[in-house]
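Please read these numbers as outputs of a predicted model, since none were measured by experiment. In listed order, ligands and their atoms are each counted from 1.
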Amino acid sequence: MYMYKKTKKLLLLSISIGFIVALSSWGFLVHRTINQLAIYELPSPLNDFFYQHKQYLVYNSVRPDLRRNKDKTEATKHFVDLEAFEHDHSQMPVDENDAIKKYGEDSLKKYGYVPYYIITMMEKLTQAFKQRHVDSIIFFAADIGHYISDANVPLHTTLNYDGQLTNQKGIHALWESTIPEIELKSMDFYGKDQAKFLKTPEIQIWDAVRQAHALLPNFLAEEKQVSSRFTDDEKYNSSFRNGKEYKKYSGKFAKALYQSLKPTIENQIKASVSLVSDIWFTAWVNAGKPDLSKLTKENATIDYKKELKSDLEYYKTKQLIENDRLLSLQKNKSSDESE
Ligand SMILES: [Zn+2]
């Protein structure tokens with residue numbers, strides 16, 4: 001949790017005010033959703049293997065964010081502040097070594113290097129496939145799903161990551177947590193893609209980052225536009241903790257902004273899902289398409305093939321939620337930490 005301090009004179013007591021900001025990534029709900037949906041875009045028999053490990057892939061989709069609490073080097077793997085590197089970010093090298101030569105390692109570690117880190121993780125996933133090492137495959141697959149999804153969040157591509165430079169503090173959590181938590185059930189996040197082999201994954205990853213970045217001006221403008229229809233009291237919810245006031249965009253505001261942005265957020269979820277499945281698939285192909293059927297869990301008690309088949313049907317007919325098949329929305333199965 002990251003807080004801003006600011007004095008609010010209107011309050012009788014001069015107490016500091018903060019914004020509740022989860023400067024992490026898509027909220028937990030969306031990360032879990034993306035890792036599950038990506039399984040459905042994989043071809044057979046790869047989807048079969050991934051589906052068996054669905055629970056693991058979904059619940060560990062948020063592990064990189066949890067790691068940030070303990071590991072100081074973790075945070076900058078989740079974003080890239082494009083403006084810090086280049087005025088014209090099309091000039092940024094897609095290869096990490098070229099970027100290190102151009103900007104220095106310290107700059108990358110300071111302003112973020114998610115596009116390069118995805119490639120590092122992809123190489124590890126490829127190795128894991130080559131070794132047919134189940135634990136490593138699902139470990140890297142879960143993690144890479146997280147980083148790819150972060151790379152598709154506009155606010156993960158900018159120095160103005162929380163609207164702090166444009167007087168719109170709190171927009172980070174608004175985009176990736178507040179809005180999806182309210183609206184996910186009504187979103188059409190179903191893609192039609194089948195995982196593709198990516199000859200140059202670094203280029204596709206950079207395309208995704210740039211495409212996310214290109215959404216920023218409109219997002220910031222819409223926030224201002226919608227704000228003009230709200231009073232401050234309607235726009236924010238306040239709560240008090242330890243003598244401090246914390247502000248968060250209200251549900252009412254989130255709903256209104258969602259309507260005016262539509263379908264931007266669901267499109268970014270779809271883009272994340274596609275790229276996650278493309279990268280999983282590409283790593284498997286690069287590893288020589290190992291036969292994973294031999295790695296089936298010996299004690300698999302559920303008839304996962306049948307379950308996968310019905311899930312695929314629900315995915316096609318956009319009915320996963322109606323049939324309670326989205327793990328991220330299932331109560332008591334996701335009763336772990338929140339942001
Ligand atoms: Zn993250």
Checklist line | Any N, O or S atom of His146 closer than 2.8 Å to the Zn ion (ligand 1) | finding: yes

Check: Under the 3.5 angstrom rule, does the side chain of Gln36 hit a backbone N or O of Leu327 as a donor-acceptor pair?
Finding: yes

Checklist line | Angle at the Zn ion (ligand 1) (to 10°), with one arm to ND1 of His78 and the other to OD1 of Asp65 | finding: 90°

Next item on the list: Indicate, with yes or no, if the rings of Tyr236 and Tyr249 have centres closer together than 6.0 Å.
Entry: yes

Next item on the list: May I have all residue pairs that pass salt bridge (Lys or Arg N to Asp or Glu O under 4.0 Å) and include part of residues 200-211, sequence neighbours excluded?
Entry: none

Margin query: Would you say the Zn ion (ligand 1) has His31 as a near neighbour, meaning an N/O/S atom of that residue under 2.8 Å away?
Written below: no

Note to self: Of all the N, O or S atoms in Asp150, which has the shortest distance to the Zn ion (ligand 1)?
What the structure shows: OD2

Notebook entry, point to check: Taking the six-membered ring for Trp, is the centroid-to-centroid distance between Trp280 and Phe140 below 6.0 Å?
Noted result: no

